[in-house]
Amino acid sequence: MSQSNQIVRVALGARSYDISVGANNLDQFAGFVLGCGPANHAVIVTDENVQRPYAMEVAECLGGDGVETAVVAIEPGEESKSIEMASNLWQALLDLHADRKSLVVAVGGGVVGDLAGFIAATYARGLRFFQVPTTLLAQVDSSVGGKTAIDLPAAKNIIGAFYQPSGVWIDAATLASLPEKEYRAGLGEVVKYGVILDADFFVFLENNVDAIVGRDADALTEVIARCCRLKADVVEKDEREETGLRAVLNYGHTFGHAFETLSGYGNLLHGEGVAIGMCCAARLAARLGRVDEAFVSRQRKLLEALGLPVATPDIPAEKILESMRHDKKTAFGKLRFVLPDRLGHVELVGDVNEDDVVAALKE
């Protein structure tokens with residue numbers, strides 16, 4: 001293992017797993033996997049954008065250590081997180097003679113990780129599962145914490161399971177080939193961590209905009225490891241969203257998921273929706289007297305500096321409200337939002353007046 005790696009351990013009672021964060025170290029993945037337990041068969045789930053070189057490199061790495069591998073590639077995009085694609089992957093595992101001793105390895109972005117994790121959770125009542133996230137969004141957020149899911153046409157991530165990986169291997173070098181739009185979208189989740197949990201990290205982002213936008217390896221390794229640690233701290237205390245603590249990770253998501261759904265999956269990237277949603281959530285918090293306008297402006301300024309969209313999509317407010325009513329945080333028909341009261345701290349706020357929500361949509 002490279003000495004440049006930072007290890008973040010997620011401790012869940014008697015269980016734990018490691019997140020390894022480094023650069024130019026994908027060839028060491030087999031040692032990481034085999035260090036977690038014996039393996040002789042792995043099914044690598046990826047998409048057509050990262051099948052070469054990353055998924056094939058992972059397959060060659062595992063194969064070099066005696067693990068029989070097969071690569072299954074799906075079409076890229078949120079549309080693949082469907083019941084139909086899940087059924088296709090279950091059948092693929094069956095055709096490949098996968099059994100309870102087989103591994104599922106997700107190599108790709110959040111769509112691949114969510115889908116492959118759901119398949120691992122449900123096939124043969126659960127297979128061991130490793131994440132190799134290749135997008136910034138997946139590296140700082142969706143690969144950590146054990147949420148797996150597929151979508152229904154009217155609701156994102158509504159079918160799924162909490163299923164923790166056996167390990168997460170993050171090679172920041174994979175971000176060098178990530179399209180600019182996708183890279184910038186991942187920064188939406190990065191900013192979120194500073195707002196909800198760590199004011200000092202928010203300041204670090206403000207002071208290192210140029211290095212982050214320029215994909216500096218040292219800056220990225222620090223950003224990714226810090227985000228993973230912040231998320232791990234929350235997941236350890238509320239793995240299955242039973243106490244309400246984990247809900248803080250959904251800051252900006254109630255608005256953002258509605259924007260994603262109504263824009264058509266894939267037209268607005270998740271991190272872009274979250275960035276716009278954070279702006280709306282900050283305005284809502286200001287309207288409710290929880291933060292001042294300086295907070296709203298400061299958050300927006302950082303998002304803009306990182307190249308993220310901040311303007312609310314041109315969608316009728318009633319459609320946005322209707323989509324929000326399907327949100328998993330809705331309770332007894334009442335909308336609930338994660339809202340800040342200061343930089344580095346947020347709370348779940350219930351029974352928010354819909355007129356205030358509509359007002360927060362307006363810039």
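Fair warning: this is a prediction, and the values are worked out from it, not measured in the lab. If you read the sequence from its start, that first residue is 1, and numbering goes on from there.
Distance check: Leu306 CG to Leu205 CG gives 7.0 Å after rounding to the nearest 0.5 Å. The distance from the CG atom of Leu175 to the OG1 atom of Thr135 is 7.5 Å, given to the nearest 0.5 Å. Between the CD1 atom in Ile196 and the NE2 atom in His345 there is a gap of 10.5 Å [rounded to 0.5 Å]. Rounding to the nearest 0.5 Å places CD of Glu84 at 11.0 Å from CG of Leu89. How far OG1 of Thr312 is from CD1 of Ile320: 7.0 Å, rounded to the nearest 0.5 Å. Rounding to the nearest 0.5 Å places CG of Leu12 at 11.0 Å from CZ of Arg240.
In summary, the side chains of Tyr54 and Asp171 do not present any donor paired with an acceptor at a separation below 3.5 Å, with no hydrogens or angles considered. Using modelled atom types and a 3.5 Å distance limit, the side chains of Gln28 and Ser20 yield no donor-acceptor pair.
Proximity of a side-chain donor or acceptor of Thr148 to a complementary backbone N or O of Ala161 within less than 3.5 Å is detected. Remark: side-chain polar atoms of Arg287 are not paired, donor with acceptor, to backbone N or O of Ala359 under 3.5 angstrom. Looking at Asp65, its side chain never comes within 3.5 Å of a backbone N or O of Ala30 through a donor-acceptor pair. Using modelled atom types, no side-chain atom of Ser80 and backbone atom of Pro76 make a donor-acceptor pair closer than 3.5 Å. At least one donor-acceptor pair closer than 3.5 Å links the side chain of Tyr193 to the backbone N or O of Val140. Side-chain atoms of Arg283 come within 3.5 Å of backbone atoms of Lys362 as a donor-acceptor pair (strictly under, hydrogens ignored). The backbone N or O of Ala217 lies less than 3.5 Å from a partner atom in the side chain of Thr221, making a donor-acceptor pair. The backbone N or O of Val358 sits nowhere less than 3.5 Å from a side-chain atom of Asp355 that would complete a donor-acceptor pair. For the pair Asp238 (side chain) and Glu241 (backbone), a donor-acceptor distance under 3.5 Å is present. Between the Asn208 side chain and the Phe204 main chain, a donor and an acceptor come within less than 3.5 Å of each other.
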Q: Please assess Glu272 against Lys181 for the test side-chain contact (heavy atoms from CB on, under 4.5 Å), listing each intermediate value before the final yes or no.
A: CA-CA 9 Å; Glu272 295 176 323; Lys181 181 179 173 67; 2.7 Å; yes

Q.
I'd like to know whether Glu206 forms a salt bridge (Lys or Arg N to Asp or Glu O under 4.0 Å) with Lys301, so could you lay out the CA-CA distance, the side-chain angles of the two residues, the decisive distance to 0.1 Å, and finally the verdict.
A. CA-CA 9 Å; Glu206 289 177 315; Lys301 182 178 179 181; over 6 Å; no

Q.
Please evaluate residues Thr46 and Val72 with respect to the criterion side-chain contact (heavy atoms from CB on, under 4.5 Å), reporting the C-alpha separation (whole Å), side-chain torsions for both, the decisive distance (0.1 Å), and the verdict.
A. CA-CA 6 Å; Thr46 188; Val72 180; over 6 Å; no

Q: Determine, step by step, whether Val168 and Asp18 satisfy the side-chain contact (heavy atoms from CB on, under 4.5 Å) criterion, reporting the C-alpha distance in whole Å, the side-chain angles of both residues, the deciding distance to 0.1 Å, and the verdict.
A: CA-CA 6 Å; Val168 181; Asp18 285 343; over 6 Å; no

Q: Begin with the C-alpha distance, continue with both residues' side-chain angles, and end with the deciding distance and a verdict on salt bridge (Lys or Arg N to Asp or Glu O under 4.0 Å) for Lys237 and Glu242.
A: CA-CA 10 Å; Lys237 296 180 179 71; Glu242 294 170 331; over 6 Å; no

Q: Show your reasoning for whether side-chain contact (heavy atoms from CB on, under 4.5 Å) applies to Asn25 and Asn5.
A: CA-CA 9 Å; Asn25 58 3; Asn5 281 30; 2.8 Å; yes

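No more than 12 heavy atoms of other residues, nucleotides or ligands shown are found within 6.0 angstrom of CD1 on Ile83. Around the CG atom of Asp95, the shell of radius 6.0 Å holds more than 12 heavy atoms that belong to other residues, nucleotides or ligands.
With respect to Arg246, the side-chain contact (heavy atoms from CB on, under 4.5 Å) criterion is satisfied by exactly one of Val248, Thr243, Asn250, Leu249: Leu249. Screening Thr122, Ile119, Val104, Val43 against Leu127 for a side-chain contact (heavy atoms from CB on, under 4.5 Å) leaves a single residue, Val104.
Remark: Asp351 does not engage Arg336 in a salt bridge, criterion side-chain N to carboxylate O under 4.0 Å. For the pair Glu354 and Lys334, the salt-bridge criterion is not met [side-chain N within less than 4.0 Å of a carboxylate O]. Salt-bridge annotation for Glu236 and Arg15: absent, with no side-chain N of the basic residue lying under 4.0 Å from a carboxylate O of the acidic one. A salt bridge is absent between Glu304 and Arg298; no separation between the charged side-chain nitrogens and carboxylate oxygens falls under 4.0 Å.
If you chain together hydrophobic residues whose side chains sit under 4.5 Å apart, Ile212 and Phe202 fall into the same group. The hydrophobic clustering, which links ILVMFWY residues whose side-chain heavy atoms are closer than 4.5 Å, places Val274 and Leu269 apart.
With contacts defined as side-chain heavy-atom distances shorter than 4.5 Å, the pair Leu96/Leu94 does not qualify. Using a 4.5 Å cut-off on side-chain heavy atoms (C-beta onward), Asp341 and Glu347 make contact. Taking the side chain as every heavy atom from C-beta outward, Val191 and Phe201 never approach each other to under 4.5 Å. Between Ser263 and Ile315 there is a side-chain heavy-atom pair separated by less than 4.5 Å. Residues Tyr17 and Arg9 are not in side-chain contact: their nearest non-hydrogen atoms beyond the backbone lie 4.5 Å or more apart. Annotation: side chain of Val132 is in contact with side chain of Leu26 (closest heavy-atom distance under 4.5 Å). Within the 4.5 Å cutoff, the side chain of Phe129 has no heavy atoms near those of the Val45 side chain.
With Tyr183 as the aromatic partner, Arg215 meets the cation-pi criteria of under 6.0 angstrom to the ring centre and within 45 degrees of the ring axis.
The aromatic ring centroids of Phe255 and Phe337 lie less than 6.0 Å from each other. With ring centers used as reference points, Trp169 lies under 6.0 Å from Phe32.
Under the side-chain hydrogen bond (donor to acceptor under 3.5 Å, both in side chains) criterion, Asp114 pairs with Lys81, sequence neighbours left out. In this view, Glu189 and Lys192, His253, His270 satisfy the side-chain hydrogen bond (donor to acceptor under 3.5 Å, both in side chains) rule, not counting sequence neighbours.
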